[in-house]
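This report refers to the structure that appears directly beneath it.
Each chain gets a letter, A, B and so on, in the order its sequence line appears, and its residues count up from 1. FYI, side chains are in, hydrogens and waters are out, and symmetry mates aren't considered; it's all heavy atoms of this structure.
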Number of protein chains: 2
Amino acid sequence: MADVARASGVSVMTVSYALNRPERVAAHTRQRVLETARRLGYSGPDPRARSLRRRISDCLGVVLGEQLRYAFDNPMVTRFLAGISDELVQSGEALTIISTAGGDRDRDRVTAAAVDAFVVWSTATDDPALLAAIATGRPVVVQGGPQLPGTQCVSIDDRAAAYAITEAAFATSRRPAVLSFPLTQERTPGIGYGFDPGSTTYPVTEARLRGIADYCQARQISNDEVLVSVAARNDESHGREAARALLAQRPDAVMAMSDELARFLLEEASASGLRVPDDIAVTGWDDEPSAARLGLTTVAQDLRAQGAICARLALGRQTENPYAPWHVMHRTTTRGA
Amino acid sequence: MADVARASGVSVMTVSYALNRPERVAAHTRQRVLETARRLGYSGPDPRARSLRRRISDCLGVVLGEQLRYAFDNPMVTRFLAGISDELVQSGEALTIISTAGGDRDRDRVTAAAVDAFVVWSTATDDPALLAAIATGRPVVVQGGPQLPGTQCVSIDDRAAAYAITEAAFATSRRPAVLSFPLTQERTPGIGYGFDPGSTTYPVTEARLRGIADYCQARQISNDEVLVSVAARNDESHGREAARALLAQRPDAVMAMSDELARFLLEEASASGLRVPDDIAVTGWDDEPSAARLGLTTVAQDLRAQGAICARLALGRQTENPYAPWHVMHRTTTRGA
DNA sequence: CTGAAAGCGCTAACAG
DNA sequence: CTGTTAGCGCTTTCAG
């Protein structure tokens, strides 16, 4: 920029103005400056210097946890990112994806990101990456939860939705079961009767367990009658393993915490010759495209819309923040109430 | 940082060293500095100032063209991004997605991005966003093409692959046809006989048309005998429209430029009661998951691997850059040669 | 309408 | 091992 100023015989400030505030500089001067800039191959202000001075990066950071390292493989995450993208494209901000790797350096990755605000995908209450984002003092919006001081949270009412889908799953059931996400960051898989919502560090999982407990209470089912199989991860190998463990106990109704887990269960069930929903009712969560194909009864929520809302909140374009809408999509994997 | 220095009674440099070069500072001093930093809620060097000074952002920019604004909707793009992400996660760089919107400001979006290098998804030769990336003087790697001075290009040999897949598509054909991507940035749809590779501004499309022409020449088919239907966009409505226009002319073999276009054609063909491959042979391009389901003969390439290569080249971790591998995946939508 | 001064927060380079 | 100096490239503020 100094070069351009020298070459066009004006001060650096005039160049800056010519580039950023056309109205504050005479048309002919501006013309000359722009001309010189082009001639010298100057391609505009250095973004690093500019953002240091202006204290704005025009960039939104999205923090994706360890298990989402391959974010682009997960349809729900990509839908969420698409929603954020929708919002940013119009206004010209960029989107920086900060993938954490589960190590000590995750904190640094977040701290080192030159972004104006953070959007964090649902994580554990004590996730260091989330804490690092909060520590920067910049706005933090979390999808799903946790809801910590210094953050906003965009989410459906997981507890209410869990109640409703559990009702669809467990109707007429005598041997109800849950195919669950991990309860702690150790991601211990396992199977057994009973569950304690208070003992999980993932707020979304906790809320869903509470919803299940609410339903059980209404139906006068003890938590200890509910068989719970925990998948270490929401992926194929762990999912199938947890599904098989569950089926070995012959449940007649399974509330699965994601459409993917439900899909694995349906496939394993069909391989065992079980009829759905007569022998076993199954529900999912999210209503991803495969759910319609499978006839899966599931909780429908619009993650794309939630992505856009997260972006707007993070950038201060919106302040009100009610629960996002959801509904139970009744299909053919459940028995009518 | 100045506050931390003052509060711990050392110079700013010592704080900087304590944070960045643990080995250059006495253990106890470092301890004290870190302690003070924590106490003051100082969460590490300001990334903007640091990147200005170090001239490094630890961030790779990915430029996605206008038609990819909803990048996360497109499975090939997400696979490519996943590959880039694979490479970055290990070394801790972030990934900034710069979505262009097709307007004048696209240039600025690219120029304003604080990234160390650019990866650009296949675009037109005169795409302003690409030119802006090159103008920054930072490394630019383009997937697919164009191959301009100042850039590296990661791609399969589209021309050779087009020859091979056209051979699979057109074997025994008497009424060959192509279902093509747009030829120019105007994206004019249309249908007619003949094609001229030289007249398209999309290098990938051009290379494929050249491959088709090569095959026609080998078979002694004139380009003018080939029916070409151009889809304005690679999406459902435009794709179906172009497919229907093509079917109305009763081709017996169609080389489609993407699996998606091929899928629309197959669906329309089946709706018209055509048998595949007997009445009409169809080929796709990319071998996305749906291709296997459909039994689609297609060009298989690994975009995830190409993404990783783009990232490595852009960050200077790799210099050699041969054509990426590809092969024709023969399935059931084509007649044996 | 244009310019001079000051400094954003940090680190490279070089003393001590 | 620690400190001083200088300056990254820009824009805010205030004066002409």
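Using a 4.5 Å cut-off on side-chain heavy atoms (C-beta onward), B/Ser155 and B/Gln147 make no contact. Inter-residue side-chain proximity for A/Leu81 and A/Ser85 is flagged as unmet; no heavy-atom pair is nearer than 4.5 Å. Within the 4.5 Å cutoff, no side-chain heavy atoms of B/Val115 are placed close to those of B/Ser57. Side-chain contact between B/Thr205 and B/Pro182: absent, with no pair of heavy atoms (C-beta onward) separated by less than 4.5 Å. You'll find the side chain of B/Thr123 reaches within 4.5 Å of the side chain of B/Pro146, heavy atoms only.
Applying the salt bridge (charged side-chain N to carboxylate O under 4.0 Å, His left out) test to A/Asp3 and every residue at least two apart in sequence or in another chain returns A/Arg6. Looking at residues two or more places apart in sequence or on another chain, you find a salt bridge (charged side-chain N to carboxylate O under 4.0 Å, His left out) between B/Glu206 and B/Arg210. Evaluation of the salt bridge (charged side-chain N to carboxylate O under 4.0 Å, His left out) rule for A/Asp116 yields B/Arg48 as partners, not counting sequence neighbours. A/Ala314 meets the side-chain contact (heavy atoms from CB on, under 4.5 Å) test with A/Leu60, A/Ala117, A/Val119, A/Val141; sequence neighbours excluded. Scored by the side chain to side chain donor-acceptor pair (under 3.5 Å) test, A/Ser51 finds no partners at all (sequence neighbours excluded).
Near DNA chain C, defined here as any heavy-atom distance below 4.0 Å, there are no residues from residues 104-117 of chain B. Of all the residues in residues 7-16 of chain A, A/Val12, A/Met13, A/Ser16 reach under 4.0 Å from DNA chain D with at least one non-hydrogen atom. Contacts with DNA chain D (heavy atom under 4.0 Å) in residues 22-32 of chain B: B/Arg24, B/Val25, B/Ala26, B/Thr29, listed by number.
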Side chain to side chain donor-acceptor pair (under 3.5 Å) evaluation trace for B/Thr201 with B/Thr184:
CA-CA 5 Å; B/Thr201 49; B/Thr184 64; 5.7 Å; no
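Separation of atoms CZ (A/Arg50) and CE (A/Met1) is listed at 9.0 Å; rounding is to 0.5 Å.
Within the structure, every pair that satisfies the ring pair (Phe, Tyr, Trp, His ring centres under 6.0 Å) test and touches residues 78-100 of chain B, not counting sequence neighbours, is listed here: B/Phe80-B/Trp121. The salt bridge (Lys or Arg N to Asp or Glu O under 4.0 Å) contacts involving residues 15-36 of chain B comprise B/Glu35-B/Arg38, where partners must be two or more places apart or lie in separate chains.
In this entry the distance linking CZ of B/Arg21 with P of D/dT2 reads 15 Å, nearest Å. Straight-line distance from the CD1 atom of A/Ile56 to the P atom of D/dC10: 18 Å, rounded to whole Å.
Comparing A/Ala2 and A/Tyr17 by the nucleotide of DNA chain D that holds the closest heavy atom to each, the one mapping nearer the 5' end is A/Ala2.
In this structure, B/Arg138 places its CZ atom where more than 12 heavy-atom neighbours from other residues, nucleotides or ligands lie under 6.0 Å away.
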What pairs of nitrogen or oxygen atoms, one from the protein and one from nucleotides 7-9 of chain D, lie under 3.5 Å apart?
residue, atom, partner, partner atom, Å
D/dG7, N2, B/Arg53, NH1, 3.1
D/dC8, O3', B/Arg55, NH1, 2.8
D/dG9, OP1, B/Arg55, NH1, 3.0
D/dG9, OP1, B/Arg55, NH2, 2.9

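Where the helix from C/dC1-D/dG16 to C/dG16-D/dC1 starts and where it ends, the local axes point in directions that differ by 30°; five pairs per end, rounded to 10°.
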